[in-house]
Amino acid sequence: MLQVNILRQERDRVLEGLRKRQLDAAPAVDRIIGLDDRRKELQSETENLLAERNSLSKEIGDLFKNGKKDEANAKRQRVSDIKEQTGPLETELETVKGELEEELLQLPNVPYHLVPAGATPDDNEVYRPYDGELPRLAAGAKPHWELADTYGIFDLELGVRTTGSGFPVFTGQGARLQRALVNFFLDRNTAAGYTEYAPPLLVNEDTARATGQLPDKEGQMYYVQADDLYLIPTAEVPLTNLYRGELLEPAQLPVKMTGYTPCFRREAGSYGAHVRGLNRVHQFDKVEIVQLALPEESYTKLDEMVDHVAGLLTELELPFRILRLCGGDMGFTSAMTFDFEVWSAAQERWLEVSSVSNFETYQSNRLKLRYRTERGTELLHTLNGSALALPRIIAALLENKQTDAGILLPEVLHAYFGKEKLQPLRS
RNA sequence: GGAGGAAUGGCAGAGUGGUUGAAUGCACCGGUCUUGAAAACCGACGUACCGCAAGGUACCGGGGGUUCGAAUCCCUCUUCCUCCGCCA
């Protein structure tokens, strides 16, 4: 959520930034400022009356003590009058505050100055191209959903039986590979200074709202009605919220967290050839990294996170490129996002495997996540990234590493998986 | 799920209707003393919002109510603790 003061003080910069999202925010911004003006007006008026009430109440107390009952009763009448006035004022104040918040929630984050303008993924900037020859597979190379059958990696039919479409069941060495990857990622992340957490997979409404999933992505989350809880779409949500409402000392920063969780996404309306196999599923495993950083350091930290994720992909020996998302393709809450895409030689397309973003103060404003400065308190910057999402990594490993002799695993996984390659099932 | 108890500032912990935003201790910060440190002593020490400022308002788990006035009384919700039951 953007801060009203920023909208007031930097109106032009905000509007210009939001235009990169193909959004003309001028009417909304003006409505917000108008509501905030009204809010201040009502608040001053109300508080003046309350101040009078408070001082009268004190006098009444003294008068009663001194036995001056008549004088006290006269003042009591005045206080009653004040109450009659403040009632409607306070009601209106609450209404205006609600409307103000409603408007603010509709406004996405302002893109960072380096973010390219644009409407669709075609406008994304190739920030770091793949510097090599894209691998070519022998004729007859299979996509991962066919390899999954041959090698017994995962089974979509079983998921349909237990749950429904888009819930893969990982089996045998596929399940083992998944576990190996989770461990590999967590080890690398903790070695890089991220503290490991195993957070809840269900969160309450306040939590979902604070990181911006509500109201923007309401329909994308699974909702447990009986207990009013949401299944997390990413570990970002519980991890970032661990610090909701905190006031940190600069010495505590940056806070670096990592966590492995399943992620749940309804993905309503996503069907077609590009969502076959593991390309898009309702439940998947992901290891996430999160940082809480000083504003002046957050973009350095973003670079650090990008390099870290790039290191993981390099170790996995997967050809990848990094995109800087254009305004129109960026998430609602992000100020700048880098997407990592792995090349799938069998599908001959790029698969997104990680998204690394700086949210600046957009989340921390809702989180009330601040740090102490000489002058007072300031909002922190929050950042997060996938390190990494499992299904498409598995898809890419299967497809790119297939040989006549089996699927060769990258060397770094040998210690985690126990074997050098995946073996076909005996049929 | 049943019964009882509790929720106060960074922590501990007073406070049951009227100068209580809140005693006291600890921690933290500034200072005195000291070659330095410790100890001792002195001082400062919550957050948000409104206001140019002076100052004001709100907040003692959340919400609502009683009252001229609520941390303090009432209702309700949540969470934690103890005991019982059930259970991975």
Side-chain angles (χ1 to χ4, degrees), chain A residues 1-9 32-104 198-210 214 224-230 238 241-253 255 262 292 361-380:
Chain A
M1 194 166 74
L2 296 172
Q3 301 160 81
V4 180
N5 282 344
I6 302 288
L7 299 184
R8 286 179 183 278
Q9 292 157 21
I32 287 168
I33 292 174
L35 282 166
D36 196 48
D37 287 340
R38 181 69 185 139
R39 189 208 105 230
K40 289 184 182 189
E41 212 178 301
L42 286 165
Q43 185 172 331
S44 295
E45 206 176 331
T46 308
E47 288 183 354
N48 285 338
L49 287 168
L50 290 177
E52 189 182 350
R53 183 203 65 184
N54 286 344
S55 71
L56 281 172
S57 291
K58 257 178 210 170
E59 293 173 27
I60 291 170
D62 291 340
L63 288 171
F64 270 123
K65 267 186 205 162
N66 299 325
K68 298 182 179 170
K69 232 178 158 186
D70 294 345
E71 280 182 57
N73 283 328
K75 288 182 193 273
R76 277 166 71 169
Q77 183 54 48
R78 171 62 189 146
V79 175
S80 293
D81 294 346
I82 288 173
K83 271 179 87 174
E84 273 175 39
Q85 289 177 63
T86 52
L89 278 176
E90 284 176 328
T91 306
E92 191 182 350
L93 182 58
E94 287 312 307
T95 306
V96 169
K97 278 182 175 174
E99 287 170 9
L100 180 60
E101 174 146 324
E102 214 44 51
E103 288 275 0
L104 281 168
L201 307 182
L202 285 85
V203 295
N204 57 35
E205 184 181 331
D206 286 345
T207 293
R209 195 167 286 275
L214 292 177
V224 182
Q225 194 164 21
D227 296 289
D228 196 18
L229 295 171
Y230 296 86
N241 270 280
L242 294 177
Y243 281 84
R244 188 167 83 227
E246 295 275 327
L247 176 55
L248 301 178
E249 299 297 331
Q252 296 175 262
L253 299 165
V255 172
L292 315 178
T361 60
Y362 195 88
Q363 292 183 325
S364 58
N365 188 30
R366 294 236 49 134
L367 289 158
K368 298 205 175 3
L369 169 54
R370 297 155 301 153
Y371 70 103
R372 207 178 283 284
T373 69
E374 300 81 15
R375 298 181 309 283
T377 67
E378 300 282 346
L379 293 174
L380 278 168

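Below, chains carry the letters A, B, ... as their sequence lines are ordered, and counting in each starts from 1.
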Could you measure between the two [atom1] atoms, the one in [N] and the one in [M], and give it in whole Å?
{"N": "B/C75", "M": "B/A14", "atom1": "P", "value": "24 Å"}
{"N": "B/G4", "M": "B/A40", "atom1": "C1'", "value": "47 Å"}
{"N": "B/A6", "M": "B/C86", "atom1": "P", "value": "28 Å"}
{"N": "B/G21", "M": "B/U47", "atom1": "C1'", "value": "11 Å"}
{"N": "B/C59", "M": "B/U20", "atom1": "C1'", "value": "14 Å"}
{"N": "B/A53", "M": "B/C26", "atom1": "C1'", "value": "37 Å"}
{"N": "B/A27", "M": "B/C11", "atom1": "C1'", "value": "7 Å"}
{"N": "B/A70", "M": "B/G55", "atom1": "P", "value": "24 Å"}

Rounded to whole angstrom units, what separation is found between the [atom1] atom of [X] and the [atom2] atom of [N]?
{"X": "A/Arg370", "N": "B/G10", "atom1": "CZ", "atom2": "C1'", "value": "14 Å"}
{"X": "A/Leu248", "N": "B/U47", "atom1": "CG", "atom2": "P", "value": "14 Å"}
{"X": "A/Leu63", "N": "B/G69", "atom1": "CG", "atom2": "P", "value": "15 Å"}
{"X": "A/Asn204", "N": "B/G62", "atom1": "CG", "atom2": "C1'", "value": "13 Å"}
{"X": "A/Ile60", "N": "B/U19", "atom1": "CD1", "atom2": "P", "value": "14 Å"}
{"X": "A/Leu89", "N": "B/U57", "atom1": "CG", "atom2": "P", "value": "16 Å"}
{"X": "A/Asp206", "N": "B/U79", "atom1": "CG", "atom2": "P", "value": "13 Å"}
{"X": "A/Asp227", "N": "B/U78", "atom1": "CG", "atom2": "P", "value": "11 Å"}

> Contact class for A/Thr377 vs. all strands (heavy atom < 4.0 Å): base, sugar-phosphate, or nothing?
Replying inline: sugar-phosphate

>> Applying a 4.0 Å non-hydrogen cut-off, can you work out what A/Leu56 is touching in the nucleic acid: base, sugar-phosphate, or nothing?
In response: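 The residue A/Leu56 makes no contact with any strand.
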
Salt bridge present between [X] and [Y] (N-O < 4.0 angstrom):
{"X": "A/Glu90", "Y": "A/Lys83", "answer": "no"}
{"X": "A/Asp37", "Y": "A/Arg8", "answer": "yes"}
{"X": "A/Arg209", "Y": "A/Asp206", "answer": "no"}

Counting only side-chain nitrogens and oxygens, does [X] get under 4.0 Å of the OP1 or OP2 atom of [N]?
{"X": "A/Lys83", "N": "B/G69", "result": "yes"}
{"X": "A/Arg372", "N": "B/G46", "result": "no"}
{"X": "A/Arg53", "N": "B/U57", "result": "no"}
{"X": "A/Ser57", "N": "B/U67", "result": "no"}

Would you mind reporting whether [Y] and [X] have side-chain heavy atoms less than 4.5 Å apart?
{"X": "A/Asn204", "Y": "A/Leu229", "answer": "yes"}
{"X": "A/Leu93", "Y": "A/Arg39", "answer": "yes"}
{"X": "A/Val4", "Y": "A/Ile32", "answer": "yes"}
{"X": "A/Glu71", "Y": "A/Glu59", "answer": "no"}
{"X": "A/Arg78", "Y": "A/Glu52", "answer": "yes"}
{"X": "A/Thr361", "Y": "A/Ile6", "answer": "no"}

>> Pick the closest RNA chain B nucleotide for A/Gly61 and for A/Glu52 by heavy atoms, then say which residue is nearer the 5' end.
In response: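 This one resolves to A/Gly61.
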
[atom1] of [X] to [atom2] of [Y]: how many Å apart, nearest 0.5 Å?
{"X": "A/Leu56", "Y": "A/Leu63", "atom1": "CG", "atom2": "CG", "answer": "10.0 Å"}
{"X": "A/Phe64", "Y": "A/Arg76", "atom1": "CZ", "atom2": "CZ", "answer": "4.5 Å"}
{"X": "A/Leu35", "Y": "A/Glu101", "atom1": "CG", "atom2": "CD", "answer": "12.0 Å"}

>> Side chains of A/Gln77 and A/Asn73 only: does a donor on one sit below 3.5 Å from an acceptor on the other?
In response: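 Their side chains do not contain a donor-acceptor pair, so the 3.5 Å distance test is not met.
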
> How would RNA chain B look in dot-bracket form, 5' to 3', counting Watson-Crick and G-U wobble pairs with both distances under 3.5 Å and writing | for bases paired to another strand?
Replying inline: ((((((((.[[[..)..(.....]]]..((((.......))))..(((((....))))).[[[[[..)....]]]]])))))))....

> For residues 72-79 of chain A, which residues have at least one heavy atom under 4.0 Å from RNA chain B?
Replying inline: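 When residues 72-79 of chain A is checked for heavy atoms under 4.0 Å from RNA chain B, the hits, listed by number, are A/Arg76, A/Val79.
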
> Taking protein heavy atoms under 4.0 Å as touching, what does nucleotides 49-56 of chain B look like 5' to 3' if B marks base contact, S marks sugar-phosphate-only contact and - marks none?
Replying inline: BSS----B

